[in-house]
Amino acid sequence: MVPIPHLEERLLSKAMLLVEEKKYKEACQLFGKLLELNARDVRALYGWAVCSIELGDYSEAEKAVVQLLEADTPYFYEVFRLYLTILIERKDYTSAIREILRIRKKKGLPIEFKEFLVHMQKFCQIRLHEPSWSDVGLDEADRTDQATEPDADTEHQEQSIDWPALEKADTVSQMLLLNNLADQLRTTHLPEIQRFLLDDQQPMELKTMLLCAVKEGHLAQRVAVQKFGEIYDAQLDHTDFLNKKFADRIEAVIRRTMESENPTLTTSAVEMERMFTMNVYPKPIVPEQPEVWAAIFCLRAMGSESEQEKKEVLGYFDVNEDDFRVARSMLHRVEAYDIWS
């Protein structure tokens, strides 16, 4: 057999071109051939993972990404972002949180990557407890348990929640404590819950998680919550609880406009807008056009906002300058309350 000169580079170039053309199945086959030639080829493993995600084969994607991480890839940060994407697409928020906590212990992480990990941890915490993403089977199992063990509910109702400890803990500890307390909350705790939600010193994301716990436990249909210096009536039985429908619309616009050009930026922009729409709830989001907020968070994901970049992005989404200024003004106002911290 006569070896073909520069075969690996030719296969890689053709595979990358197929990815750009969104022909993921054909590209995946070429990345597979590259791996047959060299099972440790970093570029082939990454390409295989990306194509597998696009094809919905998260198991294969995870195998490739884990292999890259274990091999101490020089593209660690990009690969870890891809790993989180896989876990989130599979709705495996528990594993995502565990991996984030493990990586956060590493020394020398870039500041922007640390901030990304913090945002993603909170994003997964909220997703883990948001009722509309709950597993129906688990909910039914809980109801069955309650029916077969009537004394257990009485016992829980008599337990008191250590709210002072929750209020004094740091933000990360508060989330873990609330996670452990969520299944203990009962209607008898509503006065304490209401006091906590009206405390202007408590973090926005923690109040959001508590709203999820109240909704999931069917403790009330509406509660008052203070956010951004105002008191709002949170209707927990509303169809757009946590602005999920509006967030879905923003995500659809971002993906339709940017994903083929820049999938990494798209993922970051979607993560940011999801955190924003959840933590800003129930404050009305103005303006109400998803295209405006898609532009806002794509610019945020780019990490800069020069006049030329802003002009280009507004053009992509067909957004006028006035609407953009209104949205950016709202974003800056709510950011003053540490919605990302």
Side-chain angles (χ1 to χ4, degrees), residues 84-94 96-97 119-139 175 178-179 182 185 193 197 203-228 230 232-259 266-298 300-301 317 327 330-331 334-335 337 339-340:
L84 283 185
T85 298
I86 294 168
L87 294 175
I88 290 171
E89 287 291 340
R90 291 169 54 180
K91 295 183 172 57
D92 189 357
Y93 304 119
T94 301
I97 293 169
H119 294 164
M120 288 309 300
Q121 181 180 338
K122 294 172 182 176
F123 173 82
C124 292
Q125 286 277 10
I126 294 174
R127 279 291 183 97
L128 191 62
H129 294 287
E130 209 289 311
S132 64
W133 288 293
S134 295
D135 189 307
V136 175
L138 290 177
D139 291 340
M175 287 188 172
L178 184 55
N179 181 30
L185 296 177
I193 291 171
L197 291 172
M204 300 296 154
E205 66 272 15
L206 195 65
K207 290 183 178 181
T208 301
M209 288 180 66
L210 190 53
L211 288 175
C212 291
V214 173
K215 177 179 175 67
E216 188 172 3
H218 306 288
L219 307 184
Q221 292 185 338
R222 58 201 305 165
V223 292
V225 57
Q226 185 182 83
K227 285 190 174 183
F228 318 111
E230 297 183 46
Y232 298 95
D233 181 23
Q235 299 182 40
L236 307 184
D237 56 350
H238 195 277
T239 56
D240 200 17
F241 178 65
L242 294 190
N243 297 312
K244 184 179 182 298
K245 287 185 177 180
F246 189 59
D248 288 344
R249 292 171 62 198
I250 299 173
E251 178 175 350
V253 171
I254 293 174
R255 293 195 182 282
R256 182 173 65 247
T257 308
M258 301 297 293
E259 192 159 36
T266 297
T267 298
S268 296
V270 169
E271 290 164 358
M272 288 182 185
E273 67 91 0
R274 288 286 181 182
M275 281 297 298
F276 170 78
T277 50
M278 285 190 288
N279 281 328
V280 79
Y281 178 86
K283 182 179 178 67
I285 297 177
V286 179
E288 297 181 352
Q289 298 99 309
E291 293 80 8
V292 177
W293 291 99
I296 286 282
F297 288 108
C298 280
R300 275 300 176 93
F317 294 98
M330 177 185 177
L331 179 63
V334 300
E335 282 185 324
Y337 290 85
I339 62 169
W340 309 116

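From a predicted model like this one, the values you see are computed outputs, not experimental measurements. Throughout, residue positions are numbered sequentially from 1 according to the sequence presented.
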How far does [atom1] of [X] sit from [atom2] of [Y], to the nearest 0.5 angstrom?
{"X": "Leu197", "Y": "Leu210", "atom1": "CG", "atom2": "CG", "value": "4.5 Å"}
{"X": "Arg300", "Y": "Phe276", "atom1": "CZ", "atom2": "CZ", "value": "9.5 Å"}
{"X": "Trp293", "Y": "Asn243", "atom1": "CH2", "atom2": "CG", "value": "10.5 Å"}
{"X": "Glu205", "Y": "Met275", "atom1": "CD", "atom2": "CE", "value": "6.5 Å"}
{"X": "Lys215", "Y": "Leu242", "atom1": "NZ", "atom2": "CG", "value": "8.5 Å"}
{"X": "Met204", "Y": "Lys283", "atom1": "CE", "atom2": "NZ", "value": "10.0 Å"}

- Item | Val334, Val280, Thr208 screened by side chain to side chain contact (heavy atoms under 4.5 Å, CB included) with Lys227, the one that passes |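 Of all the options given, the one that passes is Thr208.
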
- Out of Asp92, Thr85, Ile86, which residue meets the side chain to side chain contact (heavy atoms under 4.5 Å, CB included) rule with Glu89? Thr85

So which heavy atom on [X] is nearest to which on [Y], and how close?
{"X": "Ala294", "Y": "Phe317", "value": "CB-CE2, 3.6 Å"}
{"X": "Thr257", "Y": "Val253", "value": "OG1-O, 2.9 Å"}
{"X": "Leu219", "Y": "Ile193", "value": "CD1-CD1, 4.1 Å"}

- Around Gln221, counting heavy atoms of other residues, nucleotides and ligands shown, do more than 12 lie under 6.0 Å from its CD? no

- Query: Checking side-chain contact (heavy atoms from CB on, under 4.5 Å) for the pair Arg222/Leu236: CA distance, chi angles, key distance, verdict?
  - Reply: CA-CA 5 Å; Arg222 58 201 305 165; Leu236 307 184; 5.7 Å; no

Do the non-hydrogen side-chain atoms of [X] and [Y] ever get within less than 4.5 Å of each other?
{"X": "Asp248", "Y": "Arg274", "value": "yes"}
{"X": "Met258", "Y": "Cys298", "value": "yes"}
{"X": "Lys207", "Y": "Gln226", "value": "yes"}
{"X": "Ile254", "Y": "Glu273", "value": "yes"}
{"X": "Ile88", "Y": "Cys124", "value": "yes"}
{"X": "Asp237", "Y": "Gln235", "value": "yes"}
{"X": "Ser268", "Y": "Phe297", "value": "no"}

- Message: Could you check whether Asp240 pairs with Lys244 (Lys NZ or Arg NE/NH1/NH2 to Asp/Glu carboxylate O, under 4.0 Å)?
- Response: no

Please list every donor-acceptor pair under 3.5 Å in which a side-chain atom of residues 284-292 meets a protein atom from a residue at least two apart or in another chain.
residue, atom, partner, partner atom, Å
Gln289, NE2, Asp323, OD2, 3.4

- Item | Contacts of type salt bridge (charged side-chain N to carboxylate O under 4.0 Å, His left out), residue Arg255, not counting sequence neighbours | Glu251, Glu259

- ring pair (Phe, Tyr, Trp, His ring centres under 6.0 Å) evaluation trace for Phe241 with Tyr281: CA-CA 8 Å; Phe241 178 65; Tyr281 178 86; 5.3 Å; yes

- List for me each residue that meets side chain to side chain contact (heavy atoms under 4.5 Å, CB included) alongside Ala224, sequence neighbours excluded, and say none if there are none.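 Checked Ala224 against side chain to side chain contact (heavy atoms under 4.5 Å, CB included); matches are Gln194, Leu198, Ile231.
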
